[in-house]
Every structure is written in C-alpha cells, then in structure tokens.
Undergrad: 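Pasting a structure here, questions to come.
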Protein chains: 2
Amino acid sequence: MLDHLKAYLQNKLPLTDAQFGALGRVLVPKELKRQQQLVRQGEVGRYGAFVAQGCLRSFVVDKKGKEHVLQFAPENWWIADQYGLIHHEPALFSIDALEDSRVLLFGPDFYQQLPQLGPPFQAFFYELQQNSLQAMQKRLIATLSATAEERYLDFIRTYPSLTQRLPQRLIAAYLGITPESLSRIRKELAGHR
Amino acid sequence: MLDHLKAYLQNKLPLTDAQFGALGRVLVPKELKRQQQLVRQGEVGRYGAFVAQGCLRSFVVDKKGKEHVLQFAPENWWIADQYGLIHHEPALFSIDALEDSRVLLFGPDFYQQLPQLGPPFQAFFYELQQNSLQAMQKRLIATLSATAEERYLDFIRTYPSLTQRLPQRLIAAYLGITPESLSRIRKELAGHR
DNA sequence: CTTCTGCCTTGATGTAGGATAAGAAATGAA
DNA sequence: TTCATTTCTTATCCTACATCAAGGCAGAAG
C-alpha cells in the first residue's frame, strides 16, 4: 500500500528514501470493508486517509435525515476533516467506504510532522488544500446558479469514471437532489439523443 | 495601513521587525473607491488583498446575469482568488469594494515569499486557508440542506455586524436567493415577534 | 424645493424539484 | 433456484422560491 503512495508521489515531488521512510512511519495501512465508517459526524475524528484502492466519501446527514455527499475519494485521493482533526473538534461530516478499500491512515500528528518532511512536501499539501478550496468554490457557485441538469452534466464531464462506478443515489446525494429527480433528468437526457 | 496589519498580526503570531519589514516590502497599500473592481472574473487577476478598512466582496455573475457573492471581506480579512493568482489562470470570480476601502495588495510572488517569512507565518497562512475551506464546506452543506430562512438566520448569527452594514440585496446574493424572497422572509420573521 | 435613481416591499403567477407511493429491475444471500 | 433487499423508475401532487410587475421611499443631484 505504501508503494502505491510512493508511485503516486513520484511524479509530483522528489522525496529522498529517508523522507519517504519518515512519511511511512506516520501512516497506518488499513483495509476497510464496504460501508465501514472511518469518521462519524459530531464525534472527534482521529483519522484522515489516503486512498490506495477502492473509494471513500465524506457526507453529512441533515435534520430531515437526508444524506449530502461532500466529496468522493477514489484511488489516489486524500480525504479528511482536516479542521476537526487538527483542532480536535467534532467532525463536520462522516467518512465511510463505498467499496472494500485499502487506505493509509494519518492522525492529527501528521500535520505536526509536515514541516519535517521538507518544504516541497509542505508546498504539495498547501496545494492540495488549495485545490480542495477551489473545487468547493466551483461547486458552491454551481449549486447557486446552475440547474440540477447542468450540474449533472458537469459531474459526468468532470468525473466520467465515477459516473460508471457509483450508484445513482450517491450521485444524487452529491448533486443535492433526490434519486427520483436524477432519474427524471436522465430520462429527459436520454430522450434528447 | 501597515500598522493596521501589524496590530492584527500581533495577537496571532510573533514576527521579528525584520520579518515584518520583509512582509511590508511585498505588500502595496492602495485606496479603493466604492464599486471599484480589483479582480475581474475571467481575466488573469494580479492581486489579492488584506483589508485594513472598508469592505470588499468576491462574486460571480452567472449566464442569466445574476450575481452570487462568495465572500465578504470587512476589516482584517484576506480576500483573493488564490488559485488563479498562483497559477496565472483566469479568475473564477470578481472582487470589488462595497465601500471606500484601504487595502494592502499582494501579487503571485507573495506566495513564493511565504517560506522566507518563517514557519510560523507559513503555518498561519495554511490555517487561514483551512478556515476558508471549512467555511465553504459549511456553506455548501447549508445551501444543500437548509431553507432560505434558516440560512438567513444563520447569517445573522454568524455576521451580526455585516447584517447591519450591508444592503439587503447583497445579503440575498450571498444566500443565493432574490431580494424579493429575502424581503418576504424578513417580513415573516418580524411578524413572529 | 424637485427630479432621479437605487433599494426595498408587496402581490400575482410560474416552475424546478420535493414528497409520496408503488411497481420494476437488479443484486445478493440462502 | 427462490426469497429478500436494495436500487431505479414512473406518476401524481405539492411547496419553496423565482419571475414579473408595480408602487413607495430615501438619498443624491440639480
């Protein structure tokens, strides 16, 4: 699992064996069964994860019991409630596995170690976070200004592989609509071709 | 204007005079008139800003011509299209002044300088970004799961001073509803007391 | 003072997507 | 295979909010 991470990082930044070893020492490999929960909304979460295989998601359950997906994390994605993790505060959302998965876990200490792993690594994480922020901004804009159909088309374009891989109810929960609505949209789109 | 920044940073992190001097050298003081635009959506933006006085906002205009506010930045807030700035890509959103304001501008080079300003300063910016991300996440969740009224009440609770200070049409553009709807919500709430 | 020009309000009507219900199809377990 | 469970679809009705249209009111400019 660590070699998976190594392969992933190889293209992105140059790490010496020593540095990679240090990184390996703060990451804990773990296998997750489908449905298994890693972080529970409202509880103080202890882990974030790098996904080597499978797929996780972060999501919230609102007062009406509806699920809303914040992020999907297939292979080579990082997923965590960073804020809660670092500040030891109750997690804003839950994280669970959508498929049997193999992940590398990290705890709050991970962020303390970051500086010791060298400036390039730090910059890499800064950038990761920046990308998350931009993605969130784009999504908020889309949610505020586009129709459900437009957002769905956008999702397909942006994550074609996930479109195949995930059940529609999860995509609906990501788009912020009901499965019924998504079904109607798909029917409508199918008719137009 | 720099002394304003100094006062603001004082509580947050210990900076030597030398470090602060270096920081001062990458920041350009600027006065903005109300309505003046700092970054234009779609163009490659050259600046972000620390607001010493007044209030800015970031916003997008969608295809139907509707404005959506992403962020308000009153005194002591930072505002920028970080991603576009660093990557020299067209800005996702515009930034303009809602009141006559005094700001400290920074360019893409600012992020290059960060490491030289020392680890605590770097950590400070990492945290700023983290807070932005969390705020965005919360807002996305709210937009997906709460009614307009709930979001308005939340806004009042979170930003009481802005509620006074900003015209309602801007708050509506932030909440993702029309000014008409906000007016109706306020009427409804007023009736209940 | 008067005339503009934004901003806010109110009312009438429209609509995207929700809620509910029920059946079909797929998946999985025994 | 058969039975059960979950997922997807379709139809009907409903609601939160948008759109359109008009009028009121306050501050700015003449």
Undergrad: Would you mind reading off the distance between B:E67 atom CD and C:dC7 atom P, rounded to a whole angstrom?
TA: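 So the two atoms are 10 Å apart, to the nearest Å.
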Undergrad: Starting at atom CZ of B:R186, determine the distance to atom C1' of D:dC17, rounded to an integer number of angstrom.
TA: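 The distance from CZ of B:R186 to C1' of D:dC17 comes to 18 Å, rounded to the nearest Å.
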Undergrad: Using 4.0 Å as the upper bound for N to carboxylate O, is an ion pair formed by B:R186 and B:E180?
TA: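 Looking at B:R186 together with B:E180, the answer is no, because their closest N to O distance does not fall below 4.0 Å.
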Undergrad: Roughly how many Å is it from CD in B:E150 to P in D:dA16, rounded to a whole number?
TA: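 Between P of D:dA16 and CD of B:E150: 11 Å.
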Undergrad: Kindly state whether the ring of B:F125 and the ring of B:W78 have centres lying under 6.0 angstrom apart.
TA: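 Yes, the ring of B:F125 comes within the 6.0 Å limit of the ring of B:W78, centre to centre.
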Undergrad: Taking the six-membered ring for Trp, are B:Y126 and A:Y111 parallel (under 30°), tilted (30 to 60°) or perpendicular (over 60°)?
TA: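 If you compare the ring of B:Y126 with that of A:Y111, the planes turn out tilted.
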Undergrad: May I have the distance from B:L98 (atom CG) to C:dG6 (atom P), rounded to whole angstrom?
TA: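 Interatomic distance, CG of B:L98 to P of C:dG6: 17 Å.
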Undergrad: Indicate, with yes or no, if B:L140 and B:F59 share a hydrophobic cluster defined by side-chain heavy-atom contacts under 4.5 Å among Ile, Leu, Val, Met, Phe, Trp and Tyr.
TA: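 No; tracing contacts between hydrophobic side chains, which count when under 4.5 Å, never links both residues.
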Undergrad: Distance under 6.0 Å and angle within 45° of the ring axis: does A:R139 meet both against A:Y174?
TA: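 That pair qualifies as a cation-pi contact.
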Undergrad: Can you tell me how far C1' of C:dC8 sits from CG of B:L170, to the nearest Å?
TA: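 For the pair B:L170 CG and C:dC8 C1', the rounded distance is 13 Å.
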Undergrad: Take the protein atom OH of B:Y152 and the nucleotide atom C1' of C:dC8, then report the distance between them rounded to whole Å.
TA: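 One finds 13 Å between C1' of C:dC8 and OH of B:Y152, rounded.
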Undergrad: Please check if the distance between the ring centroids of A:Y83 and A:H87 is under 6.0 Å.
TA: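 Under 6.0 Å, so yes.
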Undergrad: Could you tell me whether B:E99 and B:R34 have a side-chain N and a carboxylate O separated by less than 4.0 Å?
TA: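 Salt bridge between B:E99 and B:R34, a charged N being under 4.0 Å from a carboxylate O: no.
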Undergrad: Do B:R184 and B:E149 meet the salt-bridge criterion of a basic N to acidic O distance under 4.0 Å?
TA: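 No.
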Undergrad: Would you give a per-nucleotide map of nucleotides 25-30 of chain D, 5' to 3', where B means the base has a protein non-hydrogen atom under 4.0 Å away, S means only the sugar-phosphate does, and - means neither?
TA: ------
Undergrad: Any cation-pi pair here, B:K6 with B:F20, using under 6.0 Å and within 45°?
TA: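 Yes, a cation-pi geometry holds between B:K6 and B:F20.
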Undergrad: What integer distance in Å separates A:Q35:CD from C:dG28:P?
TA: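 From A:Q35 CD to C:dG28 P: 12 Å.
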Undergrad: Considering only nitrogen or oxygen atoms on both sides, find all protein atoms under 3.5 Å from nucleotides 11-18 of chain C and state each distance.
TA:
residue: C:dG11; atom: N7; partner: B:R184; partner atom: NH2; Å: 3.3
residue: C:dG11; atom: O6; partner: B:R184; partner atom: NH2; Å: 2.8
residue: C:dA12; atom: N6; partner: B:R184; partner atom: NH2; Å: 3.3
residue: C:dG17; atom: OP1; partner: A:A148; partner atom: N; Å: 2.7
residue: C:dG18; atom: OP2; partner: A:T178; partner atom: N; Å: 3.3
residue: C:dG18; atom: OP2; partner: A:T178; partner atom: OG1; Å: 3.2
residue: C:dG18; atom: OP2; partner: A:S181; partner atom: OG; Å: 2.5
residue: C:dG18; atom: O6; partner: A:R184; partner atom: NH1; Å: 3.1

Undergrad: Taking atom P of C:dG6 as reference, at what distance in whole Å does atom CZ of B:R34 sit?
TA: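 Atom CZ in B:R34 sits about 10 Å away from atom P in C:dG6.
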